[in-house]
Structures are given as structure tokens and as C-alpha cells.
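Inspection log for the structure reproduced underneath, given as C-alpha cells.
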Amino acid sequence: MAKREMAVYCFDTLVSHYNNDDTPPPAFDDANHPLFVTWKKIVNGGEPRLRGCIGTLEARRLISGFKDYALTSALRDRRFPPIQSKELPFLQCTVSVLTDYETAEDYLDWEVGKHGIIIEFTEPVTNIKRNATYLPEVPAHEGWTKMEAINSLVRKAGYNGEITESVRRRIHLTRYQSTLFSMHYSEYLSYVKATRGGVAPAINGTSKPAMALS
């Protein structure tokens with residue numbers, strides 16, 4: 001179950017990175033689950049814009065996993081420039097803990113808004129193996145039908161050919177569910193003030209370049 005303290009730990013990790021400081025200990029129990037960390041940026045009250053989303057479909061220890069992916073998604077998502085410290089006041093962090101993996105009967109055997117989906121298939125001509133995933137909230141947020149979501153996911157997997165019914169029938173689909181918790185930076189500051197003696201974290205200097213994670 002995703003919890004507020006997991007999002008706090010992700011913010012703690014990012015703030016500590018900018019300050020070149022130790023991350024405060026987490027306030028949640030460790031366990032083994034697949035997980036994702038998503039950063040979005042909210043400017044002028046508009047729709048949150050994605051700034052990074054990376055995770056793992058393999059089970060990991062939650063504490064080390066959230067620490068790693070908080071930084072990886074913020075600093076090393078190749079779709080976006082690294083998040084800078086000056087962006088912190090506008091950030092929203094969403095933590096996702098994935099559960100209930102099931103093998104679907106076919107590529108349409110899932111529900112929009114309920115299931116995340118993993119597709120795996122082999123290209124018809126080149127025999128290149130492809131795979132990709134969408135978290136449960138993505139197709140629902142985009143307003144996609146199941147077919148639209150599948151077609152988009154095939155493209156995300158890197159397939160550039162025509163998406164025919166024959167291609168779709170090659171798909172092995174795994175569905176899963178997730179719990180998530182979202183927290184804005186202002187809520188993080190309030191949490192820190194309330195639980196750590198009224199001291200809000202400060203950022204020293206500017207953002208450093210992304211560092212390789214072990």
C-alpha cells in the first residue's frame with residue numbers, strides 16, 4: 001500500500017541530493033514490491049506536467065527502491081532535462097506500489113482505470129522483442145479506449161511498423177494493479193514542520209548534475 005511517508009522519503013532524497021547531505025531515515029516499513037516514482041510540475045495552477053517517471057516491474061526492497069528511483073526519475077529520465085532545485089516548490093511526487101500481477105487472456109483482457117498493463121511481443125519481420133508498460137492511471141487520464149492504449153503502448157515499445165490486428169495478436173499482456181499516493185512540495189514542507197520540530201528543509205546552492213546510481 002502506497003503511503004504518505006513514501007512520498008516524503010522521495011522528497012527527502014531529492015532535497016538531500018541537492019544539499020549533498022544524508023537522507024533522513026524513512027518512516028515506513030520495508031517490504032518487497034515493484035514500484036514507480038513520478039514527478040510532475042505544476043505552474044500557475046495549471047494541469048500537472050510530467051517531469052520524470054521511472055520505476056521497476058521487478059520486486060525491490062521499498063526503502064532502497066524509492067531512494068534510487070526518486071533520483072533516477074528526477075535526474076535521469078531521458079525524455080526530460082534533470083529537475084533543478086529551483087523547481088522544487090512546483091513539484092508533485094506520486095509513489096506507486098504495484099500488486100496483483102495476472103496473465104491476461106488476450107490484449108483486451110483488462111479494464112481502463114483499474115489495471116496497469118505490460119505488453120511483450122516480437123516484431124513480425126525483424127523478430128525484435130519489444131515490451132512496454134503503462135501504469136493504471138495513464139490510459140484513464142488520457143481518455144483512451146483499450147485499443148487506443150494498446151496502440152500507444154506498441155509505439156512506446158519502439159515498434160514503427162503498421163499496427164495491424166496480426167501485430168496485436170502477438171501481444172502477451174500482463175495486467176496489474178497499483179496503489180498510489182501523491183504529495184505536493186508544500187504538503188511535504190508542512191509534514192516536515194509538523195514532525196521534525198518545526199524546521200523546514202532549506203536548499204543550499206543550485207542543482208548538481210545527475211550522478212550515476214549504484
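The first residue of the sequence shown is numbered 1, and numbering continues consecutively from there. In what follows, every heavy atom counts, from backbone to side chain, and hydrogens, waters and symmetry copies are set aside.
- Within a 6.0 Å sphere centred on NE2 of H141, heavy atoms belonging to other residues, nucleotides or ligands number 12 at most.
- Between E120 and R130 there is no salt bridge, since no side-chain nitrogen of the basic residue lies less than 4.0 Å from a carboxylate oxygen of the acidic one.
- Heavy-atom minimum distance, T38 versus L135: OG1-CD1, 4.4 Å.
- Follow the hydrophobic side-chain contacts under 4.5 Å out from Y134 and you never reach Y69; the two are in separate clusters.
- Closest heavy-atom contact between A70 and S73: O-OG, 3.5 Å.
- E123 and T126 form a side-chain donor-acceptor contact under 3.5 Å, judged by distance and modelled atom types alone.
- Residue V8 comes nearest to Y188 through the heavy atom pair O-CE1, 3.7 Å, listed as atom of the first residue, atom of the second, then distance.
- Closest approach of K40 and L50 over heavy atoms only: CG-CA, 4.0 Å.
- Considering every non-hydrogen atom in both L98 and H33, the closest pair reads O-ND1, 3.6 Å.
- When hydrophobic clusters are built by joining Ile, Leu, Val, Met, Phe, Trp and Tyr residues whose side-chain heavy atoms come closer than 4.5 Å, directly or via intermediates, F181 is grouped together with I63.
- Across Y191 and E5, no two heavy atoms sit closer than the pair OH-CG, 3.6 Å.
- Between the side chains of R155 and N160, no donor-acceptor pair is found at a separation under 3.5 Å.
- A salt bridge links R60 to D68: at least one charged side-chain nitrogen sits closer than 4.0 Å to a carboxylate oxygen.
- In E58, the CD atom is not crowded: 12 or fewer heavy atoms of neighbouring residues, nucleotides or ligands sit closer than 6.0 Å.
- Between the side chains of Y9 and T23, no donor-acceptor pair of N or O atoms lies under 3.5 Å.
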